[in-house]
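Just so you know, these numbers use all the heavy atoms, side chains as well, and skip hydrogens, waters and symmetry mates. Naming: A, B, ... by sequence-line order, numbering from 1 per chain. No experiment lies behind these values; they were computed from the predicted model shown.
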Number of protein chains: 2
Amino acid sequence: MSEPKTTLTDAVHDLLRKAIIEQALKPGMRLPEDTVGEQFGVSRTIVRHALVRLEHEGLVVTRRNRGAFVAEPSRDEAQHVFEVRRCLENDVIRLLCERMPSNGFDRLQAHVRQEEAVKGKDGPVSIRLAGEFHVLLAELTGNPVLTRYVSEVVLRCSLIMSLYARSHSSDCAVDEHSQIIEAIRAGNAARAIGIMEHHLGAVAGRAELASEPDSIQSILSHYGKELAS
Amino acid sequence: MSEPKTTLTDAVHDLLRKAIIEQALKPGMRLPEDTVGEQFGVSRTIVRHALVRLEHEGLVVTRRNRGAFVAEPSRDEAQHVFEVRRCLENDVIRLLCERMPSNGFDRLQAHVRQEEAVKGKDGPVSIRLAGEFHVLLAELTGNPVLTRYVSEVVLRCSLIMSLYARSHSSDCAVDEHSQIIEAIRAGNAARAIGIMEHHLGAVAGRAELASEPDSIQSILSHYGKELAS
DNA sequence: TGATCGTCAATTGGATACAATTTGCTTGAT
DNA sequence: ATCAAGCAAATTGTATCCAATTGACGATCA
């Protein structure tokens, strides 16, 4: 069997996270355990474990005896997440200016090329790539702890954007990504951090309206196809 | 109802965490689900959920079909945790210099008095209080996300100290805590951060010069030379 | 008519039972 | 004596089952 080395819980966890980040599951949407389990063809136990993790990551909230919901970060919460993200990402930049690995710039530029390939489109792929750039930066520091935290706040920011931003329009984002790379390459930490601050500030700045939801089953059935074993 | 508002999972989670931090459960120790559940009078389901969270917090590691163990951070991991901790705590200081809440200094000084009360003793209480000072600092920023992350790295540092440091002897620590408070009160962020860096550096430094047991690979590679035949 | 209380369906919280996987040990052959 | 193969015990992975809590609808009474 080509069975995956990972557990079912991991699979469901990843799928749900992906669905949330890509805005298929919108903030506030209910996530009943048996509905989800039914759609994915697994038992409630699995879904529960996945939901526990997602709650820990701040992507879902659970109310006692009420069930799980996709998180709806308030503006205050959003502010707090962005504050931590700035702190972490500035440190990432600082560290990379000291110890960028040899193949670091190649990997970064390859990623930017990917981003440019989907430039202009506002789809889920664009959102995912924009986030992954920052995670890649964190990875290059060689610090898994830092990478995990950056990963979490970036994911939460994606969720926040889906709530408050009217458009991801990553045009400027990609440009700024390139600028950050160049500033790091020049060893100019101050400038790189400045751009990053501006970059995040611009992202945080966009905060306006949202849209209306879709049925849970249809969404999950779409994502569940990957689980067909 | 005198029933607790929290769920059983939370209780077990807290208990296990406390036990790990206080070194009742030592690094590397096995945590079989049914044994733990038996001891606490709950089912495996609960223990499992708690273990999932603890793994997410980096206090336990789980191996597929092998079970959960109290984490044994390598020196590299320790380094990574300390690196993130410096980053986060420096930001805490920076934020507090801008917006310390009105009763902040009172709470901080009350805490330091507690620490001084157990000064000299190397028991679990001393370890816990030393960590809680830093969590309290983070709380005063009013940022729950930041507080959670600081909390996590501080806990992991406690675990690391229990592995590598020969003594917590928090004599200097308490002094430095007071110094940090005063620097913040003076609005001197640079000085406060400097003290914090020194404080954490001292803590991390103690971890360096302690016992030796680390990665299996290094041990095996050392002993393996004698086997090369 | 409106508010309050009681019953009921829905859903989660928790426990138990079963299956799959790993590990250690025994046993046998070289 | 060493090593390999296979069997058995222990432990986790997963599913199902029962109980407890919540929210809503509807009946009753002021």
Side-chain angles (χ1 to χ4, degrees), chain A residues 1-16 25 28-57 59-72 213 215-217 219-220 224 226-229, chain B residues 1-16 25 28-56 59-72 216 220 223-224 226-229:
Chain A
M1 303 293 232
S2 59
E3 287 303 311
K5 263 318 193 187
T6 88
T7 144
L8 272 181
T9 303
D10 293 328
V12 173
H13 177 216
D14 288 346
L15 246 48
L16 284 177
L25 296 171
M29 196 172 266
R30 285 205 60 208
L31 299 172
E33 293 175 359
D34 41 8
T35 302
V36 176
E38 205 171 290
Q39 286 292 329
F40 286 152
V42 299
S43 128
R44 274 182 51 213
T45 312
I46 309 299
V47 180
R48 267 182 80 131
H49 286 142
L51 290 176
V52 165
R53 295 197 204 171
L54 288 168
E55 181 182 28
H56 203 98
E57 293 172 2
L59 293 181
V60 313
V61 295
T62 64
R63 292 219 215 289
R64 187 179 168 76
N65 290 315
R66 288 287 325 268
F69 305 77
V70 179
E72 288 180 288
S215 114
I216 292 208
Q217 282 92 342
I219 297 169
L220 293 184
E226 304 182 15
L227 260 187
S229 46
Chain B
M1 324 304 185
S2 59
E3 283 307 306
K5 269 305 197 192
T6 96
T7 165
L8 270 180
T9 303
D10 294 327
V12 173
H13 179 214
D14 288 346
L15 246 49
L16 283 177
L25 298 172
M29 198 171 266
R30 288 206 58 206
L31 298 172
E33 294 176 358
D34 43 7
T35 301
V36 176
E38 212 169 282
Q39 285 292 327
F40 287 138
V42 299
S43 129
R44 276 183 49 212
T45 313
I46 309 300
V47 179
R48 232 173 133 69
H49 281 147
L51 289 177
V52 165
R53 294 198 204 168
L54 288 168
E55 180 182 29
H56 204 97
L59 293 182
V60 314
V61 295
T62 66
R63 297 173 118 78
R64 187 179 166 75
N65 289 316
R66 286 291 322 272
F69 304 78
V70 179
E72 292 179 284
I216 292 260
L220 293 187
Y223 282 89
E226 306 179 9
L227 268 182
S229 55

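Partners of H49(A) by ring pair (Phe, Tyr, Trp, His ring centres under 6.0 Å), not counting sequence neighbours, listed by chain and number: H49(B). E57(A) meets the salt bridge (charged side-chain N to carboxylate O under 4.0 Å, His left out) test with R17(A); sequence neighbours excluded. For Q39(B), there are no side chain to side chain contact (heavy atoms under 4.5 Å, CB included) partners, not counting sequence neighbours. Annotation: salt bridge (charged side-chain N to carboxylate O under 4.0 Å, His left out) contacts of E33(B) (sequence neighbours excluded): R44(B), R48(B).
When the side-chain nitrogen and oxygen atoms of T9(A) are compared with OP1 and OP2 of dT14(D), one or more of them lie within a distance under 4.0 Å. OP1 or OP2 of dG13(C) has at least one side-chain nitrogen or oxygen of R48(A) nearer than 4.0 Å. Phosphate proximity of dG23(D) to R66(A): present, with a side-chain N or O under 4.0 Å from OP1 or OP2.
Summarising the geometry, the separation between CG on L8(A) and P on dA19(C) is reported as 17 Å, rounded to the nearest angstrom. The interatomic distance linking R64(B) (CZ) with dT23(C) (P) rounds to 12 Å, in whole Å. Atom CZ in R63(B) sits roughly 10 Å away from atom P in dT23(C) (whole-Å rounding). One atom, CD1 of I46(A), and another, C1' of dA20(C), lie 13 Å apart when rounded to the nearest Å. For E38(A) and dA15(D), the CD to C1' distance is 15 Å, given to the nearest whole Å. Regarding F40(B), its CZ atom lies at a distance of 17 Å from the C1' atom of dG14(C), rounded to whole Å.
Using a 4.0 Å cut-off between charged side-chain N and carboxylate O, R53(A) and D10(A) make a salt bridge.
Of the candidates V70(A), L31(A), T62(A), L16(A), L16(A) is the only one forming a side-chain contact (heavy atoms from CB on, under 4.5 Å) with L54(A).
Counting all heavy atoms, side chain and backbone alike, V60(B) lies closest to L51(B) at CG2-O, 3.8 Å. Shortest non-hydrogen contact noted between V52(B) and V52(A) is CG1-CG1, 4.4 Å. Closest of all the heavy-atom pairs between V12(B) and A50(B) is CG1-CB, 3.9 Å.
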Can you check nucleotides 16-18 of chain D for protein contacts, nitrogen or oxygen pairs under 3.5 Å, and list what you find?
| from | atom 1 | to | atom 2 | distance (Å) |
| --- | --- | --- | --- | --- |
| dT16(D) | O4 | T45(A) | OG1 | 3.4 |

Heteroatom pairs (N/O) under 3.5 angstrom, protein to nucleotides 7-10 of chain C:
none

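Looking at the side chain of E33(A), the nearest of the listed nucleotides dA15(C), dT14(D), dT12(C) is dT12(C). Taking only side-chain atoms of N65(A), from C-beta outward, the nucleotide of dT14(D), dT12(D), dG13(C) with the closest atom is dG13(C).
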